[in-house]
Amino acid sequence: MPADPCALPGRLPSSLPTVKPASPRRFDATLQQLGRSSLAWRFAGSVLAFSLLITLLATGLNLALDYRREVRAVETRLHWVGQAFGHSLGLSLWNLDQRDARLQLQGILRLPDIESVQLLDEAGQAFLEDGHPQARQRLSQRFELYGPAESRGQHVGSVLIAGSLDEALQRVAERSFTTLLSQGVQIFALSAFILLLFHGLIGRHLANVASHLHQLRAERSAAPLRLGRRWRARRHDELDLLEQTINEMQQRLRDSHARVELAAQVFEQAGEGLVVTDAGHRIVAVNPAFTQVTGYSEAEALGHTPALLRSGQHEPGFYADMARQISQTGRWEGEICNRRKTGELYVEWLTVSTIYAADGSVHRHIGLFVDITRRKQDEQLIWRQANFDVVTGLPNRSMFAERLRLELAKSQRSNQPFALLFIDLDHFKEVNDTLGHSAGDALLHEAAARLQHCVRETDIVARLGGDEFTVILAELGEPVQIERIATDILQQLARPFAIAGTEVYLSASIGITVFPLDGADAELLMKNADQAMYAAKAEGRNRCQFYTPAMQESAQRRMALASDLRAALPLRQFALHYQPVVSLLDGRAHKAEALLRWQHPERGAVSPALFIPLAEESGLIHELGDWVFREATAFAAHLRAAGHAQLQIAINTSPQQYRGGGTLFQDWLAQLKQLGLPGEAIVIEITEGLLMDDQAGTNEHLLRFRDAGIQVAIDDFGTGYSSLSYLKKFDIDLLKIDQSFVRHLQPGSDDLVLCEAMIAMAHQLGLKVVAEGIETEQQRALLAAAGCDYGQGYLFARPMPAPDFERWLAGPAAPTRRG
């Protein structure tokens, strides 16, 4: 057998030559291929041996049959001789006529294959014999002889005839030689033909297949197999099937190799880490992503187990459960914390799959993992941002609602009360506006820390938003415990805050409700605490207030009042009253403040302190403010027509009207133009809080008023976080000192000092000053001595309807005393 079947120098023709003789070169090549084609020789040798065996068996059978025929011919001849000469020999023996008997014997010996004849008498003694037995193979027969008919068939003796078989054997041998010679020539010729035919039809194609397969092993991009057969059967034969099968196999190999290369590229280029272990969990392969994530090189990882990455953060049972699940199902998927080579912990999402061998045993384990540390951090950050306040780090409204729900469920099971505190920081907005939002955030952070310091670890502190906080006091004992904690909170929040290098003082209003005394669901408890907090603010702030049913009644009345407020304007239930503002020098009225009054058909006169906040909360303040402006300007035009050309009407405005939704610029100025009323006839009163509002449109609003000739006054000056910078920044004409500074005004009092300071400051800035709430002559005299320009209060006149005010203007110039 040749060492390499692919080393054949060429390919034989696909069929035997028919018409054109083969060229010597091609013939030599064919012989050379035949000399190397052990398969062809083995096939031809097998055919030759089989043919020889069959030929020998067939020839032997034919020879045996020929020999048998020759023997039968001799037997037949002997039998014929016995039949033919039996009667005459019987007569000769009866008559004892030797001469006649001899003549008959000699006649018998002349016959073919008769070797000897012996005539025996009745006793079996030889009577006469002739011939000489020389054959190596002979055949003899005895025939009984009888006398003539008159002897009644008396037995007289017998004749023994011997025939030679040597000539028959010689003839058979001659025919055997001829047969074997001819058959041998035929078999040799047939074997040669079969040898050439096998090589031409099969052998050379098998050699080409072997060469192609060898090339396919060396070159993965080899062309498809083409056997190049010159003639084919009408139907596809086995070689065509072999060619087709090999080409399909080659294509499958290409596809498989492409998949293997793709898998290798994926293994190398995958962004996910890949680690392959054997059945004993020893690492046999890792990809670059594994190295990038873990810090271990391939050389450092091979031979180790994945325990190389263990962080020690999981309990031993974690790995036992993992191993058990992999053993039972062949797969595991989950989150696991591992440690990099540097010692840094990281979190990965790991998927382990098992590859089984043909016998069902474990062959490989494949681990696919992705580093989700950043994602976990982001998720944690998102979760924290969704559930915790960014400024204070406390639970936010969403998390608080969940905690409150859980506390309700726990308290219902244990039948143990808990308290809910609603805390609102007093005047926080002024701090935020004056010192900035960063300082406000710092103050909120410090306030949250103080709140946590006042409660137990089991209690929950949350920030709902803005300056509102809540506290859940769980597992309460006595109500006095709630008061002690609330008092501690008030004291802690009342201590000065060191913010932005400035000491800031705050207070807080706390509303308290108790489960299950005040309510059994979260929404009701929150509403109760909120109402109690507003009650604390109404009582002067810096205090705590427990919820009572009366608060609910008050809240319901407030809601009913808000509902009635929406219908009051269309039903013409509002009216303007006017209170004069007089000069402290000459006592004459120079201005009048328009004050809104609501006459409810059932409740009677409703205080502005009640319905103005409701109007601001509901947004009705815009519509109501427009109505006030139209009514006041119309009355101002009427007064001018009646001869009071120098009298100004002061109109109060709410900060909400400057935050959108109002018609301060278009409708108001159009109203003045329609009435033919100059802007100097109107004074717009604003609060200090509006000046500190951080909205960009505030200054634009005030500038439009100035351009229209309308004066601007700051109402209730001194009650807020006053700042000279705002007075310099905005175009202000008047300051109105709040009545809280005038009410207890006496010689040498602190209020007098404050009033003198505010008056001096306003005059230095070119502003006029109005003092509100003057009720006594002493107050008027002190303010006049301090240089105050105008006064307003019951000492001069109460607020009165427009007709009464008009009559008041027509009366004596001296101010009307309170009475």
Side-chain angles (χ1 to χ4, degrees), residues 426-427 429-435 439 496-497 499-507 540-542 579 581-587 590-591 593 648 650 652 655 683-693 698-699 702 711-796 815:
D426 301 327
H427 304 298
K429 186 179 184 303
E430 286 79 356
V431 177
N432 206 26
D433 291 338
T434 55
L435 299 180
F497 291 85
I499 304 297
T502 304
E503 283 193 350
V504 177
Y505 290 86
L506 280 183
S507 62
R541 297 182 172 88
N542 193 25
Q579 185 176 28
V581 177
V582 302
S583 171
L584 295 183
L585 294 178
D586 57 17
H590 286 251
K591 310 176 191 299
E593 181 179 1
Q648 292 179 311
N652 290 286
V683 177
I684 297 296
E685 294 191 4
I686 63 175
T687 62
E688 288 180 281
L690 180 63
L691 294 182
M692 292 182 287
D693 198 327
T698 301
N699 191 31
L702 301 181
Q711 291 186 340
V712 177
I714 298 180
D715 195 13
D716 300 331
F717 185 78
T719 58
Y721 283 81
S722 306
S723 175
L724 295 179
S725 61
Y726 289 110
L727 297 178
K728 294 170 60 179
K729 178 180 178 181
F730 297 100
D731 192 8
I732 304 300
D733 300 288
L734 295 153
L735 289 184
K736 298 187 72 174
I737 300 175
D738 187 71
Q739 61 183 347
S740 61
F741 297 100
V742 177
R743 183 178 300 116
H744 304 292
L745 197 63
Q746 292 180 357
S749 64
D750 293 337
D751 289 335
L752 179 59
V753 174
L754 290 174
C755 289
E756 291 174 343
M758 286 186 281
I759 294 169
M761 174 195 69
H763 288 167
Q764 289 294 324
L765 293 174
L767 307 180
K768 299 293 186 179
V769 180
V770 179
E772 297 180 304
I774 300 176
E775 297 183 357
T776 64
E777 179 61 32
Q778 184 183 34
Q779 294 170 350
R780 185 200 65 79
L782 291 174
L783 290 169
C788 184
D789 301 291
Y790 302 102
Q792 179 181 355
Y794 286 176
L795 176 66
F796 309 111

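The chain is numbered in sequence order, starting from 1.
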Requested in this report: Could you tell me the separation between the NZ atom of K591 and the CD atom of Q579, rounded to the nearest 0.5 Å?
Outcome: 14.5 Å

Report task. Please round to the nearest 0.5 Å and tell me the distance separating atom CD1 of I774 and atom CZ of R743. Result -> 13.0 Å

Requested in this report: Please name the pair of heavy atoms, one in V742 and one in G773, separated by the smallest distance, quoted to 0.1 Å.
Outcome: CG1-O, 3.8 Å

Report task. Return the minimal non-hydrogen interatomic distance between D789 and K768, and the atom names on each side. Result -> OD2-CA, 3.4 Å

Requested in this report: Using a strict cut-off of less than 4.0 Å between a Lys/Arg side-chain nitrogen and an Asp/Glu carboxylate oxygen, indicate whether K736 and E593 qualify as a salt bridge.
Outcome: yes

Query raised in the report: Going by heavy atoms in the side chains, are F796 and L584 under 4.5 Å from each other?
Result: yes

Query raised in the report: Roughly how far apart are L765 CG and I732 CD1, rounded to 0.5 Å?
Result: 10.5 Å

Query raised in the report: Is it true that the side chains of S507 and D426 contain a donor and an acceptor less than 3.5 Å apart?
Result: yes

Requested in this report: Measure from the side-chain N and O atoms of N652 to the backbone N and O of E685, and report whether any donor-acceptor pair falls under 3.5 Å.
Outcome: no

Query raised in the report: Does V581 reach the side chain of Q648, with side-chain heavy atoms less than 4.5 Å apart?
Result: no

Report summary line: Value for CG (N542) from NE2 (H427), rounded to nearest 0.5 Å, stands at 9.5 Å

**Report entry** Rounded distance (nearest 0.5 Å) linking atom CG of L735 with atom CG of L767
**Finding:** 5.0 Å

Query - Q792 (side chain) donor-acceptor with V770 (main chain) under 3.5 angstrom - result: no

Identify each donor-acceptor pair in which a side-chain atom of residues 745-762 lies under 3.5 Å from a protein atom, sequence neighbours left out, and give them as a table.
from, atom 1, to, atom 2, distance (Å)
S749, OG, Q746, N, 3.3
S749, OG, Q746, O, 2.7
S749, OG, L752, N, 3.3

Query raised in the report: With sequence neighbours left out, what residues match H590 under ring-ring contact (aromatic ring centres under 6.0 Å, His included)?
Result: Y790

Query raised in the report: Which heavy-atom pair separates F717 from F741 by the least distance, and what is that distance?
Result: O-CE1, 3.7 Å

Query raised in the report: Between D715 and T687, is there a donor-acceptor pair closer than 3.5 Å when you use the side chain of the first and the backbone of the second?
Result: no

